[in-house]
Each structure stands twice: as C-alpha cells, then as structure tokens.
Amino acid sequence: MAVLEEIKEALMAGNANKVKELTQKALDEGIAPTTIINDGLIAAMNIIGVKFKNNEVYVPEVLVAARAMHAGMDVVKPLLAGGAMEDKGTLVIGTVKGDLHDIGKNLVIMMMEGAGFKVIDLGIDVPVEKFVQAVEEHKPQLVGISALLTSTMMQMKKTVEGLAAYRDKIKIMVGGAPVTQKFADEIGADGYAPDAASAVDLARQLLA
Ligand code: B1M
C-alpha cells in the first residue's frame with residue numbers, strides 16, 4: 001500500500017491538493033476508507049504531533065498539515081455512513097468567557113480531530129452555561145477549557161465548578177499559556193496539557 005505512505009508524506013508536507021488526489025487514488029485502488037484514515041491521515045497527523053512536541057515543526061506547519069488532513073477527510077467522510085470510523089470519544093471545547101484567544105485551542109482541535117476524536121467547538125468567550133448546555137446536548141466524554149490570560153484563569157475555575165454535576169460522566173482537561181499543572185490541580189481539573197500534541201496523549205490517558 002505505497003499510496004498510504006505517499007499520503008503521509010504529502011500530509012506532513014502540508015500539500016492539501018496532493019493529499020486529496022492521493023486519497024482518491026487509494027479509494028480507487030480499493031483501500032478501505034477507515035484504513036486510509038487510520039494508517040494514512042491520522043498516522044501522519046500523529047507524527048506531526050510528535051514533531052511539534054519536540055520542536056521539530058512549529059505552529060504554521062501544524063496548521064497546513066491539519067488543512068491537508070481535512071482535505072483528505074473530506075474525500076473519505078461521505079463513504080463513512082453508519083459510523084464506520086472508530087469512535088475515539090467526543091470532546092466539547094472552548095475558550096473561557098472574557099478570553100478571545102483561539103489559535104492554541106484551534107491547534108488542540110486539529111490534533112484531536114487528527115487523532116480521531118469528534119470535536120464540538122464552542123468558540124471563544126464561552127460562558128459557563130454554554131459549556132453546561134453543550135455537555136447536556138452532546139454527552140461528551142471530555143471537556144476542554146482553554147485560557148490565555150491570567151485574568152481569565154479564574155473563569156476556568158468557575159467553569160470547572162459549573163460542571164460539578166457531570167463529573168462522573170466527563171473528564172475535564174485544561175490548557176493555555178498561563179495554565180500550569182499546579183493550577184489545574186488546584187481547580188480540580190482531571191488533567192493539564194502544555195501543548196496540542198500532549199492534549200491528545202492526555203485525552204487518551206483520561207479515557208483509558
Ligand atoms: Co493577546 N495576550 N491579548 N492577543 N496574545 C497574550 C496571551 C499575552 C501573553 C501578550 C503579552 O502581553 N505578552 C497577553 C496576556 C498577558 C497575561 O494575561 N499574562 C495578552 C494580552 C494582554 C491581550 C489583550 C488584553 C491585549 C489588549 O487588548 N490590551 C487582548 C485580550 C483580548 C481578550 O482575550 N479579551 C489580547 C488580544 C489578542 C489578539 C486578539 C490580538 C490575538 C488573539 C488572536 C486569536 O487568538 N485569534 C492575541 C495574540 C495572538 C496573542 C499572542 C501574541 C499569541 C497567542 C497565541 O496564539 N499563541 C500572546 C503572546 C504570546 O503568547 N507570545 C498574547 C500561539 C498558540 C499556539 O499558543 O495559545 O499558548 P497557545 O496554545 C498552546 C498551548 O497553550 C496549549 O496548546 C497550544 C498549542 O501548543 N493549549 C492547550 C492552549 N489551549 C489548550 C487547551 C488544552 C490543552 C492545551 O486543553 C483543553
């Protein structure tokens with residue numbers, strides 16, 4: 001299945017058109033959509049995640065790789081009727097109320113999607129009630145909270161408190177530049193990830 005290797009290379013190079021073309025070629029060769037996703041698209045995104053963690057690639061490379069992954073996903077997704085894709089879990093994520101930073105959160109989303117999680121993105125400036133509403137509606141296993149300002153870190157605490165009634169059903173992960181493991185422990189989150197690739201590792205650990 002040389003085409004899967006070609007998909008991986010094109011994705012890591014951030015070549016969206018090539019990934020799209022090769023994904024179609026793989027389908028034409030009779031390779032199953034789930035194999036293309038798991039052994040091509042997600043596998044390449046995992047490698048990017050490791051490289052990102054090791055500072056071998058940076059934010060722009062991750063963004064173009066994620067865009068290339070989406071281009072491939074768009075080709076195979078329509079063929080996945082009936083949920084043929086393995087369900088890795090659902091993440092509801094948002095940047096806390098008062099905070100408009102979303103670049104880091106969006107990177108986390110791309111990595112999580114790249115790893116096969118379903119992600120509900122609540123966006124920025126998200127009040128506690130909107131997190132609660134989304135948990136009620138989407139029944140996720142994971143809730144992710146991002147904050148980039150020291151002044152909005154307390155809103156993260158309020159969000160964790162607001163989700164108290166759901167703690168037997170959800171795991172809460174937090175992150176963002178001013179957030180630390182110590183702070184995560186203090187506010188009672190289940191886990192803290194310093195970067196987007198670690199967020200995927202953390203999600204896997206929390207659901208294991
Ligand atoms: Co603002 N800003 N900003 N800003 N901004 C910072 C954060 C700041 C450190 C700059 C500085 O002063 N040196 C400072 C905060 C200081 C503090 O609180 N200690 C600051 C400030 C003060 C402000 C304003 C108040 C400025 C003003 O108006 N006076 C204002 C606030 C607006 C608001 O939110 N209410 C403001 C506005 C903005 C822009 C809108 C202009 C823009 C945001 C655009 C956007 O996001 N769409 C912006 C930007 C771009 C920055 C900097 C330059 C870059 C942030 C960023 O995107 N980093 C930033 C300075 C800096 O960091 N150098 C700064 C790249 C990103 C990939 O990293 O977000 O840390 P990061 O995400 C990482 C990890 O933290 C982690 O994974 C990501 C990928 O590895 N992560 C998670 C993040 N969320 C996670 C969640 C997880 C797990 C991991 O689980 C759920």
Side-chain angles (χ1 to χ4, degrees), residues 1-20 22-23 26 31-77 85-91 93 95 101-119 121 140-148 171-181 184 189-208:
M1 290 197 236
V3 68
L4 293 180
E5 287 307 313
E6 288 182 73
I7 288 175
K8 280 161 73 176
E9 270 172 36
L11 191 150
M12 288 189 284
N15 190 336
N17 285 338
K18 190 105 190 263
V19 169
K20 195 173 168 184
L22 288 166
T23 302
I31 301 174
T34 46
T35 306
I36 297 171
I37 292 171
N38 292 324
D39 300 345
L41 303 171
I42 290 180
M45 212 51 208
N46 282 341
I47 297 171
I48 288 286
V50 173
K51 288 188 173 199
F52 181 56
K53 210 152 67 173
N54 296 335
N55 292 323
E56 290 169 46
V57 298
Y58 298 95
V59 172
E61 285 98 326
V62 177
L63 294 176
V64 287
R67 194 189 55 188
M69 183 198 73
H70 282 293
M73 284 288 191
D74 287 347
V75 178
V76 281
K77 256 189 192 158
M85 209 172 147
E86 194 189 338
D87 184 8
K88 297 261 169 61
T90 300
L91 166 73
I93 188 169
T95 302
H101 296 83
D102 67 356
I103 298 169
K105 168 186 71 65
N106 291 345
L107 271 176
V108 172
I109 291 175
M110 286 169 187
M111 288 292 185
M112 291 293 288
E113 286 182 342
F117 287 84
K118 180 179 171 192
V119 179
D121 180 13
Q141 292 78 32
L142 290 164
V143 173
I145 315 171
S146 183
L148 257 288
K171 298 283 184 196
I172 300 180
M173 43 198 265
V174 296
V179 182
T180 59
Q181 181 65 59
D190 294 295
Y192 155 75
D195 57 60
S198 308
V200 172
D201 297 339
L202 174 64
R204 288 182 179 134
Q205 277 168 29
L206 291 175
L207 298 185

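Reckoned from all heavy atoms, side chains included, excluding hydrogens, waters and symmetry mates.
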Write down the atom of L107, the atom of F52, and the distance for their closest heavy-atom approach. CD1-CZ, 4.2 Å
Among residues at least two apart in sequence or on other chains, which ones pass side chain to side chain contact (heavy atoms under 4.5 Å, CB included) with N106? D102, I109, D121
Could you measure the distance from the CE atom of M173 to the CE atom of M112? Nearest 0.5 Å is fine. 5.0 Å
Would you give the length of the straight line joining atom CD of E9 to atom CG of L22, rounded to the nearest 0.5 angstrom? 10.0 Å
Identify the heavy atoms of K18 and A10 that sit nearest to each other, and give their distance. CG-CB, 3.7 Å
For the CD atom of E6 and the OG1 atom of T23, what is their distance to the nearest 0.5 Å? 11.0 Å
Nearest heavy-atom contact between A71 and A16 is CB-O, 3.7 Å
Only residue of D74, I48, L41, I42 satisfying side chain to side chain contact (heavy atoms under 4.5 Å, CB included) with M69 is L41
Could you walk me through whether L4 and T35 pass the side chain to side chain contact (heavy atoms under 4.5 Å, CB included) test, one step at a time? CA-CA 9 Å; L4 293 180; T35 306; 4.1 Å; yes
Could you list all the side chain to side chain donor-acceptor pair (under 3.5 Å) pairs where at least one residue sits in residues 58-69, not counting sequence neighbours? none
The salt bridge (charged side-chain N to carboxylate O under 4.0 Å, His left out) partners of K8 (sequence neighbours excluded) come to E5
Can you name the nearest heavy-atom pair linking I172 to D190, along with the distance? N-OD2, 2.7 Å
CG on L91 to NZ on K171, rounded to 0.5 Å: 14.5 Å
Rounded to the nearest 0.5 Å, what separates atom NE2 in H70 from atom CE in M73? 8.0 Å
For a quick test of reading the model, state the closest non-hydrogen atom pair linking M12 to A44 and the distance between them. CG-O, 3.9 Å
Report, one line per pair, each donor and acceptor closer than 3.5 Å where one atom sits in a side chain of residues 199-208; sequence neighbours left out.
| unit_1 | atom_1 | unit_2 | atom_2 | d |
| --- | --- | --- | --- | --- |
| D201 | OD2 | K53 | NZ | 2.3 |

Can you list the residues that meet the salt bridge (charged side-chain N to carboxylate O under 4.0 Å, His left out) rule with K118, with sequence neighbours excluded? none
Does a sphere of radius 6.0 Å around CG in N54 hold more than 12 heavy atoms from other residues, nucleotides or ligands, not counting ones at 6.0 Å or beyond? yes
Measuring from atom CZ of F117 to atom CE of M111, what distance do you get when rounded to the nearest 0.5 angstrom? 13.5 Å
Taking side chain to side chain contact (heavy atoms under 4.5 Å, CB included) as the definition, give me every residue that meets it alongside A26, ordered by chain and number, with sequence neighbours left out. V3, I7, I31, I36
Test item: D195 side-chain N/O and A197 main-chain N/O as donor-acceptor pair under 3.5 Å: yes
For A184 and Y192, the nearest pair of non-hydrogen atoms, with its separation, is CB-CB, 3.6 Å
